[in-house]
Structures are given as structure tokens and as C-alpha cells.
> 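Could you have a look at this structure, given as C-alpha cells, before my questions?
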Amino acid sequence: MRKIYGFVLFSGLIFASFGSRLSAQSGADGKKIFLDNKCNACHSITALNIAVKKSADEEKSDKEAPDLSGIGLERNADWLTKYLMKKESIKGEKHLKKFKGSEGDLAVLAQLLETLKTKPKK
Ligand code: HEC
């Protein structure tokens with residue numbers, strides 16, 4: 001029974017990662033993954049009403065983590081996937097955190113980030 005459940009869950013993830021290209025609805029899953037992985041300890045996504053929530057176990061960083069509302073204007077899911085696995089860098093600098101979740105979660109998360117195309121208000 002557990003095996004079946006695992007398979008259903010796995011298929012769901014695969015579907016979600018492809019499905020997010022088609023429907024905006026699965027954005028909710030990506031949002032959950034973002035929060036579950038505590039990306040919001042440093043980043044806000046104002047376009048999705050996600051604010052920075054400082055936690056006690058937060059790693060100190062002297063760099064300002066950018067709001068990700070418009071990340072999709074500059075980066076695609078492929079680049080984001082690599083960056084979050086520390087295989088890509090910005091101006092020679094890798095991301096502070098390596099993604100700790102599953103590959104499926106990373107795919108869904110990268111897809112969500114790619115869809116964020118709100119121009120920053122200045
Ligand atoms: C400990 C703080 C911290 C956490 C946690 C964190 N980040 Fe970051 N992130 C940063 C900082 C600082 C930068 C800017 C790095 C730079 O410009 O070199 C950054 C940069 C980024 C960028 C690139 C932004 C750009 O301008 O291109 C993306 C995308 C990103 N983070 C996504 C995430 C995601 C998704 C998570 C959760 C899995 C996450 N971050 C968790 C601190 C953090």
C-alpha cells in the first residue's frame with residue numbers, strides 16, 4: 001500500500017512540474033515548496049504576498065537577498081535549477097544555500113520562479 005502511495009505522489013510531482021507550464025494553478029505547490037525550504041528566511045516575493053520571515057536559526061549574510069517577484073524576467077527555469085544546486089553563479093558568486101529538497105520539488109520551484117514577471121516598482 002505504501003508503495004502505491006509513493007508512486008501516486010511521484011506521478012503527481014512529475015505532473016506538477018509539466019503541468020505548471022500549462023496552468024497557473026500549480027503555482028500554489030511551488031509557493032509551498034518555497035516556504036517549506038525557508039527561502040523566505042531571506043527572500044520576499046511581494047507578487048505572491050510572501051514576506052521575509054526571519055528565523056532564529058537563520059544564517060548570517062552581509063548580502064541583501066533580492067525580492068524575487070520579477071526573477072522570471074531575467075532567468076529561466078533551467079538556469080534557476082542549476083543556480084539553486086550551486087552549479088551556476090552570478091558574477092562569480094554561487095548561491096548561499098544548496099537546495100535540500102527533492103529533484104521534483106526543485107523542478108516545480110524553478111517553474112514557479114520562471115513565471116514571476118512582475119516588474120519591480122521604483
Ligand atoms: C541565507 C539567506 C538565503 C536563503 C535561505 C536563500 N537565499 Fe536566495 N539569495 C540570497 C542572496 C544573498 C542572494 C544574492 C546573491 C548574489 O547576488 O550573488 C540570493 C539570490 C537568489 C536568486 C538570484 C536572484 C537574482 O537576482 O538573479 C534566486 C533565484 C534565489 N536566491 C532563490 C532562492 C530560493 C528559491 C531559495 C530557497 C530554496 C533561496 N534563494 C534561499 C540569500 C538566500
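All ligand and atom numbering here is 1-based and tracks the order in the structure.
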> What do we get for Pro66 next to ligand 1 when only non-hydrogen atoms under 4.0 Å count, side chain, backbone, both or neither?
side chain
> With rounding to 10 degrees, what does the angle His43:NE2 / atom 8 (Fe) of ligand 1 / His95:NE2 come to?
180°
> Ligand 1 versus Arg75, non-hydrogen atoms closer than 4.0 Å: side chain, backbone, both, neither?
side chain
> Against heavy atoms of Leu80, which atoms of ligand 1 measure under 4.0 Å?
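Selected atoms, number and element: 29 (C).
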> Run the numbers for me: atoms of ligand 1, each under 4.0 Å from some heavy atom of Leu84, listed by number.
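Every atom of ligand 1 under 4.0 Å from some heavy atom of Leu84: 32 (C), 33 (C), 34 (C), 35 (C).
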> Taking atom 4 (C) of ligand 1 as the point of reference, which of Ala41, Cys42, Gly30, Ala65 owns the nearest heavy atom?
Cys42
> For Ile90, take its heavy atoms, then give the atoms of ligand 1 lying under 4.0 Å from any of them.
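Taking each heavy atom of Ile90 in turn, ligand 1 has 23 (C), 25 (C), 27 (O) under 4.0 Å.
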> Taking heavy atoms and a distance under 4.0 Å, where does Glu74 meet ligand 1: side chain, backbone, both or neither?
neither
> Should you measure from each heavy atom of Tyr83, which atoms of ligand 1 turn up under 4.0 Å away?
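Near Tyr83, meaning under 4.0 Å from one of its heavy atoms, ligand 1 has 15 (C), 20 (C), 21 (C), 22 (C), 23 (C), 28 (C).
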> Output a table of donor-acceptor pairs, distance under 3.5 Å, between side-chain atoms of residues 87-95 and any protein atom two or more places apart or on a different chain; print 'none' if there are none.
{"from": "Glu93", "atom 1": "OE1", "to": "Lys63", "atom 2": "NZ", "distance (Å)": "3.2"}
{"from": "His95", "atom 1": "ND1", "to": "Lys97", "atom 2": "O", "distance (Å)": "3.0"}

> According to a 4.5 Å side-chain heavy-atom criterion applied to Ile, Leu, Val, Met, Phe, Trp and Tyr, with indirect links allowed, do Leu35 and Ile33 form part of one hydrophobic cluster?
yes
> Could you list which atoms of ligand 1 come closer than 4.0 Å to a heavy atom of Lys38?
5 (C)
> Among all residues two or more places apart in sequence or in another chain, which pass the side-chain hydrogen bond (donor to acceptor under 3.5 Å, both in side chains) test with Ser44?
Asp67
> Which pair of non-hydrogen atoms, one from Ala65 and one from Cys42, has the smallest distance, and what is that distance?
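Between these two residues, the closest heavy atoms are CB-O, 3.3 Å.
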> So which heavy atom on Thr118 is nearest to which on Ala47, and how close?
OG1-CB, 3.5 Å
> If every non-hydrogen atom of Met85 is compared with every non-hydrogen atom of Lys98, which pair is closest and at what distance?
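Smallest interatomic distance, heavy atoms only, reads CE-CE, 3.7 Å.
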> Mark up the atoms of ligand 1 that fall under 4.0 Å of a heavy atom belonging to Phe99, in ascending order.
38 (C)
> Give me the atom names and distance for the closest heavy-atom approach of Asp105 to Phe99.
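Residues Asp105 and Phe99, closest heavy atoms: CB-CZ, 4.0 Å.
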> Hey, does Leu48 have a side-chain heavy atom less than 4.5 Å from the side chain of Phe34?
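Counting from C-beta outward, Phe34 and Leu48 never come under 4.5 Å.
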> If the cut-off is 4.0 Å to any non-hydrogen atom of Leu109, which atoms of ligand 1 fall inside it?
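Result: 35 (C).
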> How far apart are the closest heavy atoms of Glu114 and Leu80, and which atoms are they?
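Here Glu114 and Leu80 meet closest at N-CD1, 4.0 Å.
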> Under a 4.0 angstrom heavy-atom cut-off, which atoms of ligand 1 come close to Lys97?
1 (C), 4 (C), 5 (C)
